[in-house]
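Below is one structure, written out as structure tokens; the observations come after it.
Values reported hereafter were calculated over all heavy atoms of this structure, with side chains retained and with hydrogens, waters and symmetry mates removed.
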Amino acid sequence: MITVVQFSFGVTVIVEHTENTATKVNLTTEKLAEIEGHPLIVKRFQAYEKYGKVIVPFKDELLTPFQLKVFSTVMAIPPGKTITYGQIAKILKTSPRAVGQALKRNPFPIIIPCHRVISSKNIGGFSAGTSIKKLLLNFETNHFTQR
């Protein structure tokens, strides 16, 4: 099943899922025609605008043990905050490059908020493109740090 959720700040989320379990999430800035989807998934993604978190179970068998470690670390980053690849690498006793490679394969952007991980020199990469990463970070900075 496919569910499409459009955020007020211009990002559209396309979720491939079975029942309440996400199997892939894609982000775009294109406006898409509404596709009927699972109402609980729509509700959970709409909560992102309010709380900065999306809680949708995903199939963890799609991930390696190392990715699960990296992603669980990333999921602890609060909305409106960032951390560097190097800081995560230090926590996990690995290299920043290994962290970046794990995040590059994140099939669940926003659920696993890898947009909150930046380079020590610049914004870093993002699977949906750096323009969407900047949109998400700007939204979170403006919306969640002003409370």
Side-chain angles (χ1 to χ4, degrees), residues 1-30 37-38 40-147:
M1 185 184 293
I2 302 280
T3 295
V4 175
V5 181
Q6 294 182 322
F7 292 118
S8 62
F9 53 89
V11 173
T12 299
V13 179
I14 305 155
V15 187
E16 295 176 30
H17 57 91
T18 56
E19 291 301 311
N20 293 329
T21 304
T23 55
K24 187 166 185 175
V25 175
N26 292 304
L27 307 180
T28 180
T29 53
E30 297 172 24
H38 197 285
L40 182 57
I41 289 187
V42 171
K43 186 176 178 182
R44 286 174 170 173
F45 271 92
Q46 288 170 336
Y48 173 77
E49 286 188 283
K50 190 170 184 180
Y51 305 109
K53 286 192 173 202
V54 179
I55 301 167
V56 178
F58 54 86
K59 293 184 178 179
D60 59 2
E61 66 266 14
L62 299 172
L63 308 173
T64 68
F66 179 71
Q67 286 173 321
L68 286 169
K69 284 182 194 175
V70 172
F71 295 165
S72 67
T73 303
V74 169
M75 290 174 76
I77 305 167
K81 303 293 181 195
T82 58
I83 189 171
T84 66
Y85 297 99
Q87 289 171 309
I88 293 174
K90 195 172 193 176
I91 292 166
L92 299 178
K93 297 179 176 49
T94 189
S95 73
R97 186 177 301 267
V99 171
Q101 289 300 308
L103 293 176
K104 181 178 179 179
R105 292 172 177 81
N106 178 2
F108 312 110
I110 295 186
I111 298 173
I112 299 170
C114 59
H115 61 278
R116 297 178 187 153
V117 182
I118 60 172
S119 165
S120 61
K121 296 180 179 139
N122 58 43
I123 194 163
F126 190 58
S127 62
T130 56
S131 61
I132 293 180
K133 184 174 187 168
K134 288 175 186 174
L135 258 173
L136 293 170
L137 289 173
N138 285 335
F139 169 74
E140 290 181 356
T141 300
N142 293 330
H143 191 74
F144 296 108
T145 59
Q146 311 253 331
R147 292 182 177 182

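Across all their heavy atoms, Ile112 and Asn106 have their closest contact at O-ND2, 2.9 Å. In terms of heavy atoms, Val117 sits closest to Thr84 at CG1-C, 4.0 Å. Minimum interatomic distance between Gly52 and Phe144 (heavy atoms only, all atoms of both residues): N-CZ, 3.0 Å.
Not counting sequence neighbours, the partners of Thr94 by the side-chain contact (heavy atoms from CB on, under 4.5 Å) test are Phe66, Ala89, Leu92, Ala98, Val99. Under the side-chain hydrogen bond (donor to acceptor under 3.5 Å, both in side chains) criterion, Arg97 pairs with no residue, sequence neighbours left out. The ring-ring contact (aromatic ring centres under 6.0 Å, His included) search around Phe7 returns Phe9, Tyr48, not counting sequence neighbours. Applying the side-chain hydrogen bond (donor to acceptor under 3.5 Å, both in side chains) rule to Glu16 yields no partners; only residues at least two apart in sequence or on another chain are considered. Every residue two or more places apart in sequence or in another chain was checked for a side-chain hydrogen bond (donor to acceptor under 3.5 Å, both in side chains) with Ser95, and none qualifies. Checked against salt bridge (Lys or Arg N to Asp or Glu O under 4.0 Å), Arg44 has no partners two or more places apart in sequence or in another chain.
Here side-chain hydrogen bond (donor to acceptor under 3.5 Å, both in side chains) pairs that include residues 19-29, with residues two or more places apart or in two chains, are Asn20-His38. Legend: side-chain hydrogen bond (donor to acceptor under 3.5 Å, both in side chains) pairs involving residues 67-83, not counting sequence neighbours, sorted by first then second residue: Thr64-Gln67. Screening residues 1-12 for side-chain hydrogen bond (donor to acceptor under 3.5 Å, both in side chains) gives Thr3-His17, Ser8-Glu49 as the qualifying pairs, with residues at least two apart or on separate chains. The ring-ring contact (aromatic ring centres under 6.0 Å, His included) contacts involving residues 96-123 comprise Phe58-Phe108, where partners must be two or more places apart or lie in separate chains. Residue pairs meeting the side-chain hydrogen bond (donor to acceptor under 3.5 Å, both in side chains) criterion with at least one partner in residues 116-125, sequence neighbours excluded, are Arg116-Glu140.
In this structure the side chain of Val25 never reaches within 4.5 angstrom of the side chain of Val54, judged on heavy atoms. In this structure, Ser127 and Lys104 have side chains that are not in contact, with every pair of non-hydrogen atoms separated by 4.5 Å or more. Annotation: side chain of Ile110 is in contact with side chain of Val13 (closest heavy-atom distance under 4.5 Å). Looking only at side-chain heavy atoms (C-beta outward), Val56 and Val15 stay at 4.5 Å or farther from each other. Looking only at side-chain heavy atoms (C-beta outward), Phe126 and Leu103 stay at 4.5 Å or farther from each other.
With rounding to the nearest 0.5 angstrom, the OG1 atom of Thr130 is 10.5 Å from the CG atom of Leu135.
Heavy-atom contacts from other residues, nucleotides or ligands closer than 6.0 Å to CG of Leu62 number more than 12.
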